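Contents: one structure, followed by commentary.
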Amino acid sequence: MIRKCLFPAAGYGTRFLPATKATPKEMLPVLTKPLIQYGVEEAISAGCNTMAIVTGRGKRAIEDHFDISYELEHQIKGTSKEPFLSEIREVINSCQFTYTRQKEMKGLGHAILTGETLIGNEPFAVILADDLCDNGEGDSVLKQMVEMYERYNCSIVALQEVPMDETYKYGVIEGKLIDQSDNIYRLSNMVEKPKVEEAPSNLAIIGRYILAPEIFDAIRETKPGLGGEIQITDALMALAQKGRVIGYKFEGERFDCGSVDGFVKATNWFYEKSCK
Ligand code: G1P
């Protein structure tokens, strides 16, 4: 079983300045709910009971959000506003939150390695909260991936087809379709943010991973890559060479809430949904 879900949440969110000057980007709301709460709810839906959050300086609002606010509870108890807190109360009651700080921003691989102390020696999920996924009444993307993990028992990355001229934004894979009905690829190569002429395909890695604990050693052995950062894509590549990584082309909507454009699309999507 996958019990723990890791959230790398130390990044600066520079694309949303000035909004993210004093507010963590993970706390930006789509409608009334912060991005990271969508991620935590997805992890709960997939059966996780421990949220391992890798934070950094200026991110304390995340910890406060997933804690009881006695003053607020007291003020609105018995009023018409009380139901507004019911969703977050349920989240807080159904799992535990653990935190560690990433002191320096040295890339996603480094952030995940920083979380090792919260994970230990077991397989775990990773959600990048700015990739917001929605699957309506169907199973969440992470739940679909947990099912695939039970079947294949190795690290899994979520995949989505993107236009070739957008491959420079993603980790891009090369792989062989090994199960057509489940949309599973055995990965042989991965490139972080390739130029269009260097992209091995148009299958991009989206911010959902299930990682076997062997990833930690792989990250430790990974040299800085693109941008001088320790890339999770490069560490996964080492496991892929041993045939230990698959990709799952998932079902569902996904919004890149790390960009203003994607954020606005997500807002419209969830607003229209809420009007139904
Ligand atoms: C990260 C990963 C990249 C992946 C992407 C998904 O990039 O490095 O491989 O495709 O997340 O959102 P970032 O968006 O953090 O630059």
Side-chain angles (χ1 to χ4, degrees), residues 5-16 20 24-26 28 35-36 38-39 42 53-56 59 102 104-115 125-134 141-142 145 155-175 185 187 189-196 198-211 215 218-219 222-240 245-250 252-263 265-266:
C5 184
L6 189 141
F7 292 81
Y12 297 122
T14 45
R15 276 185 286 176
F16 278 89
T20 47
K25 66 170 174 167
E26 296 77 13
L28 296 178
L35 274 177
I36 193 162
Y38 287 90
E42 183 177 334
I53 306 187
V54 179
T55 67
K59 299 281 186 165
Q102 188 185 4
E104 293 171 280
M105 307 306 144
K106 292 195 202 159
L108 181 55
H110 179 258
I112 292 174
L113 184 58
T114 305
V126 176
I127 289 184
L128 307 185
D130 50 16
D131 272 335
L132 181 49
C133 295
D134 182 45
V141 176
L142 198 64
M145 291 174 75
S155 295
I156 311 179
V157 298
L159 299 175
Q160 196 176 46
E161 286 186 38
V162 297
M164 276 313 273
D165 61 358
E166 287 185 22
T167 53
Y168 73 93
K169 297 182 188 167
Y170 302 96
V172 178
I173 68 107
E174 183 174 343
Y185 294 76
L187 305 196
N189 191 14
M190 268 172 262
V191 190
E192 181 67 10
K193 306 200 170 84
K195 292 191 198 110
V196 68
E198 280 151 24
S201 72
N202 70 334
L203 283 171
I205 301 173
I206 300 308
R208 300 287 180 281
Y209 306 76
I210 305 255
L211 299 175
I215 194 69
I219 300 172
T222 299
K223 303 244 156 30
L226 187 75
E229 297 186 332
I230 310 282
Q231 300 291 348
I232 190 65
T233 310
D234 296 340
L236 278 165
M237 179 63 196
L239 302 186
V245 186
I246 58 171
Y248 170 54
K249 203 162 84 173
F250 63 90
E253 293 293 329
R254 169 254 169 190
F255 301 94
D256 172 16
C257 289
S259 75
V260 173
D261 183 63
F263 198 94
K265 284 192 179 124

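Because the structure is a prediction, the values reported are computed rather than measured. Both counts, for ligands and for their atoms, begin at 1 and track the order of listing.
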Full working for salt bridge (Lys or Arg N to Asp or Glu O under 4.0 Å) between R208 and D131: CA-CA 8 Å; R208 300 287 180 281; D131 272 335; 5.3 Å; no
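The Y170 neighbourhood of ligand 1 comprises atoms 10 (O), with distances under 4.0 Å to a heavy atom of that residue. Interface of G207 with ligand 1, defined as ligand atoms under 4.0 Å from a residue heavy atom, comprises 6 (C). Near D131, meaning under 4.0 Å from any of its heavy atoms, are these atoms of ligand 1: 6 (C), 12 (O). Close contacts of ligand 1 with G171, meaning ligand atoms under 4.0 Å from a residue heavy atom, involve 3 (C), 4 (C), 9 (O), 10 (O). Close approach of ligand 1 to T233 is summarised as follows: ligand atoms under 4.0 Å from at least one heavy atom of the residue are 9 (O).
The side chain of L128, and not its backbone, has at least one atom closer than 4.0 Å to an atom of ligand 1 (non-hydrogen atoms only; side chain from C-beta on).
Protein heavy atom at the shortest distance from atom 9 (O) of ligand 1 is E192 OE1, 2.7 Å. Given atom 13 (P) of ligand 1, the protein heavy atom at minimum distance is K193 NZ, 3.6 Å. Of all protein heavy atoms, the one lying nearest to atom 1 (C) of ligand 1 is L108 CD2, 3.9 Å.
Shortest non-hydrogen contact noted between V196 and M164 is CG2-O, 3.4 Å. Closest approach of L211 to S155, counting heavy atoms only: CA-OG, 3.7 Å. Across every non-hydrogen atom of S259 and R15, the tightest pair is CB-NH1, 3.9 Å. Taking all atoms of both residues into account, the shortest heavy-atom contact from V54 to G115 is CG2-CA, 3.9 Å. A240 and V245 make their closest contact through N-CG2, 3.5 Å (heavy atoms, listed as atom of the first residue, atom of the second, distance).
By the 3.5 Å distance cut-off applied to N or O atoms, I205 is counted among the residues near ligand 1.
Note that the NZ atom of K59 and the CD atom of Q102 stand 10.0 Å from one another [nearest 0.5 Å].
Counting heavy atoms from C-beta outward, C133 and E253 have side chains that stay 4.5 Å or more apart.
Protein heavy atoms are absent from the space less than 4.0 angstrom from atom 15 (O) of ligand 1.
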